[in-house]
Participant: 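Sharing a structure with you now.
When reading the values below, keep in mind they use all heavy atoms of this one structure, side chains included, and skip hydrogens, waters and symmetry mates. In what follows, chains carry the letters A, B, and so on, assigned in the order in which the sequence lines appear, proteins first and then strands, with residues in each chain numbered from 1.
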Protein chains: 2
Amino acid sequence: MARYQIIADALRSRILSGEYEADEPLPSQRDLASHFGTAMMTVRQALDLLCQEGLLVVEHGLGTFVASVGAGHEIVSLGGFTEEMNAHHIGLSTAVLGLDASVEEPKAAEMLGLRARAGLSVLTRLRSVGGLPVVHQRSFMAGRFHNVMRQYDASRSLYVMLREGGGFTPTSYREHVTACAAPTSVARALQVTPGCPTLLSHRITFAATGVPFVYDQAYMAPERIELVVEKKGVAFTAEYLPIAASILSAHSLAEVAPVSANN
Amino acid sequence: MARYQIIADALRSRILSGEYEADEPLPSQRDLASHFGTAMMTVRQALDLLCQEGLLVVEHGLGTFVASVGAGHEIVSLGGFTEEMNAHHIGLSTAVLGLDASVEEPKAAEMLGLRARAGLSVLTRLRSVGGLPVVHQRSFMAGRFHNVMRQYDASRSLYVMLREGGGFTPTSYREHVTACAAPTSVARALQVTPGCPTLLSHRITFAATGVPFVYDQAYMAPERIELVVEKKGVAFTAEYLPIAASILSAHSLAEVAPVSANN
DNA sequence: TAGTGGTCTAGACCACCAA
DNA sequence: TGGTGGTCTAGACCACTAC
């Protein structure tokens with residue numbers, strides 16, 4: 001693997017784990033170069049990568065910073081909702097609504113590559129931003145993860161737990177997003193009127209080996225959170241943003257620097 | 001201006017003028033470097049820029065090529081809905097519901113970087129797949145495009161028209177997706193019940209110069225079309241797929257190639 | 001002025017692909 | 001094998017920001 005990718009991986013994990021605070025600059029390129037024992041150009045390649053992923057913002061003459069939505073720049077997500085919010089320092093709180101064992105849910109089981117009647121472990125959570133519930137999420141996993149799940153602590157990331165407890169690192173996912181009327185129980189949790197239109201997401205997450213290991217079903221409250229898809233040339237990003245935050249970043253549209261005019 | 005930007009500008013204008021054919025390789029990086037009298041690294045910076053704009057595709061060991069849509073590469077969904085569906089060989093038909101001039105829509109005007117009371121040209125279309133309406137779309141453009149718009153022909157792509165008639169090539173966009181109850185008129189067009197939950201997309205599309213030039217508002221019928229977001233490592237894709245088609249592609253999940261493990 | 005990122009060089013060697 | 005792109009070095013100098 002290329003050196004710059006190794007450097008990028010190292011920095012990415014530090015950023016996602018919150019090791020680097022927002023508005024706190026990373027070490028300078030020179031320091032990073034000497035720390036990793038490479039030339040500055042190599043460090044810059046790593047930083048470029050993380051910028052494209054939206055994790056960093058570099059400011060000429062000032063330093064390199066962890067991207068925060070308010071700071072007015074791009075974004076990205078690496079799977080976990082928690083990481084997504086952490087990376088942008090959005091105050092996300094999670095409440096566990098329930099943890100069930102041996103649930104039969106043929107569709108989820110099929111997505112996970114299990115037989116239809118396999119018992120699943122299901123974690124139901126409510127995500128809130130600024131005290132307002134935004135996402136009602138049910139995560140389905142194979143029954144053998146249930147013991148790991150019982151140690152789930154709302155302050156941690158489910159993905160981190162599964163990485164440590166199950167040895168699975170999410171590397172890819174596929175998500176289908178539709179609109180759907182909120183079921184009564186979900187509506188109550190989200191504090192919206194039953195039947196109200198919500199975003200419904202089905203996400204299947206794969207480990208590095210290509211094995212599916214989590215299936216998520218999430219209802220999102222309208223006017224509180226939305227999906228923002230961005231494409232610049234070939235670079236895609238897609239992530240959920242609380243509306244207040246995405247309005248902020250929408251305003252920064254006007255500030256988008258004119259890309260090199262043709263003179 | 002930086003050397004790599006000068007090189008990029010020179011190459012970009014040659015590409016856009018058709019001086020370089022599609023599928024015809026550019027001179028090698030070494031040749032370009034000696035031609036422009038710079039180091040290879042500098043040429044590569046220029047090429048990187050053009051790749052991000054989606055104008056070039058580089059292939060390791062083969063050469064650098066002008067990106068051509070449909071040449072069997074990634075460049076799918078470069079904005080247009082028509083291209084997106086074509087790329088998947090989905091039978092998309094488009095009906096024009098209306099073309100209005102001098103519409104005042106402050107929000108759309110703001111997104112386009114115009115003053116709030118600017119008169120806009122608005123094209124309303126209904127997209128159908130297999131005879132079933134799936135998308136109700138309103139496209140807002142600056143009033144000066146109205147004459148171009150009057151020649152709009154449902155069999156062509158709006159983006160192609162704007163490229164030829166207005167000289168604008170879409171290179172990036174930003175899209176916000178939420179859930180929303182279908183307004184009566186939209187519901188009638190989509191043949192769904194009024195108030196039914198729909199996906200609502202707001203998309204602002206930018207030209208290579210960074211200038212916004214189209215603002216789209218689209219309502220999508222639930223259970224007929226959905227947004228599929230996929231991530232493999234750092235590679236993102238996001239596209240709308242009719243449900244039948246996305247079920248097909250969901251089956252191909254099992255074939256997802258194992259993404260490069262951590263060494 | 002001192003520290004930061006931005007650009008650039010003139011090579012070197014590696015990895016990939018086709019003939 | 002020969003040509004292509006991919007990565008990397010060990011500096012140099014420029015541009016921007018803050019104090």
Participant: Output the rounded distance in Å from CG (D31(A)) to P (dG3(C)).
Facilitator: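 Interatomic distance, CG of D31(A) to P of dG3(C): 11 Å.
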Participant: Pick the closest DNA chain D nucleotide for L62(A) and for M41(A) by heavy atoms, then say which residue is nearer the 5' end.
Facilitator: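 The answer here is M41(A).
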Participant: Y4(B) side chain N/O closer than 4.0 Å to the phosphate oxygens (OP1, OP2) of dT7(C)?
Facilitator: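 Checking Y4(B) against dT7(C): at least one side-chain N or O falls below 4.0 Å of OP1 or OP2.
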Participant: Using a cut-off of strictly less than 4.0 Å, decide whether T42(A) has a side-chain nitrogen or oxygen near OP1 or OP2 of dT7(D).
Facilitator: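 No, because none of the side-chain N or O atoms of T42(A) sits under 4.0 Å from OP1 or OP2 of dT7(D).
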Participant: Do the side chains of R127(B) and V129(B) get nearer than 4.5 Å, heavy atoms only?
Facilitator: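 Heavy-atom side-chain distance check fails, nothing below 4.5 Å.
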Participant: For the residue pair V135(A) and M220(A), what are the closest heavy atoms and their distance?
Facilitator: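 For V135(A) and M220(A), the tightest heavy-atom pair comes out as CG2-CG, 3.5 Å.
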Participant: Select one nucleotide: of dC8(D), dG5(C), dG6(D), the one nearest the side-chain heavy atoms of T64(A).
Facilitator: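 Among the listed nucleotides, the one closest to the side chain of T64(A) is dG5(C).
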Participant: Return the value, rounded to whole Å, for the distance between atom CG of L50(B) and atom P of dG5(D).
Facilitator: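 It works out to 14 Å between those atoms.
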Participant: In whole angstroms, how far is the P atom of dT9(C) from the CG atom of L32(B)?
Facilitator: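 Result: 14 Å.
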Participant: What is the distance from atom CG of L56(B) to atom CG of L11(B), rounded to the nearest 0.5 Å?
Facilitator: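 Reported value, rounded in 0.5 Å steps: 7.5 Å.
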Participant: Could you check whether the side chain of R44(A) and the base of dG6(C) have a donor-acceptor pair of N or O atoms closer than 3.5 Å, going by distance alone?
Facilitator: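 No, the side chain and the base share no sub-3.5 Å donor-acceptor pair.
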Participant: By nearest heavy atom, map R30(B) and A39(A) onto DNA chain D; which one lands nearer the 5' end?
Facilitator: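 Closest to the 5' end, via its nearest nucleotide, is R30(B).
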Participant: dT4(D) P sits how many Å from L56(B) CG, rounded?
Facilitator: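 My rounded result for the distance is 16 Å.
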Participant: Whole angstroms only, please: what is the CD-C1' distance between Q45(B) and dG5(D)?
Facilitator: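 Taking atom C1' of dG5(D) as the reference, CD of Q45(B) is at 16 Å.
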Participant: When we call it a touch if two heavy atoms are under 4.0 Å apart, what does R3(A) touch: a base, just sugar-phosphate, or nothing?
Facilitator: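 Sugar-phosphate: the residue R3(A), judged by heavy atoms under 4.0 Å, touches backbone atoms but no base.
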Participant: Please determine whether a side-chain nitrogen or oxygen atom of Q29(A) lies at a distance below 4.0 Å from atom OP1 or OP2 of dG3(C).
Facilitator: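 So the side chain of Q29(A) is outside the cut-off, no N or O lying under 4.0 Å from OP1 or OP2 of dG3(C).
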Participant: With a cut-off of less than 4.0 Å, is there a side-chain N or O of Q5(B) near OP1 or OP2 of dT7(C)?
Facilitator: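 For dT7(C), neither OP1 nor OP2 has a side-chain N or O of Q5(B) closer than 4.0 Å.
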Participant: Would a 4.5 Å heavy-atom cut-off, applied to side chains only, mark T205(B) and F213(B) as touching?
Facilitator: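 T205(B) reaches F213(B) side chain to side chain.
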Participant: Using a 4.5 Å cut-off on heavy atoms from C-beta on, say whether the side chain of H202(B) contacts that of R174(B).
Facilitator: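 No, too far: nothing below the 4.5 Å cut-off.
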Participant: In whole Å, I'd like the distance from the CG atom of D48(A) to the C1' atom of dG6(D).
Facilitator: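 After rounding, the gap between these two atoms is 15 Å.
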Participant: Separation of L26(B) atom CG from dG5(D) atom P, in whole Å?
Facilitator: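 One finds 9 Å between P of dG5(D) and CG of L26(B), rounded.
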Participant: Please report the distance, rounded to the nearest Å, between CE in M40(A) and P in dT9(D).
Facilitator: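 For the pair M40(A) CE and dT9(D) P, the rounded distance is 12 Å.
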Participant: If you assign G61(B) and S28(A) each to the DNA chain C nucleotide with the nearest heavy atom, which residue ends up on the more 5' nucleotide?
Facilitator: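 It is S28(A), whose closest nucleotide lies nearer the 5' terminus.
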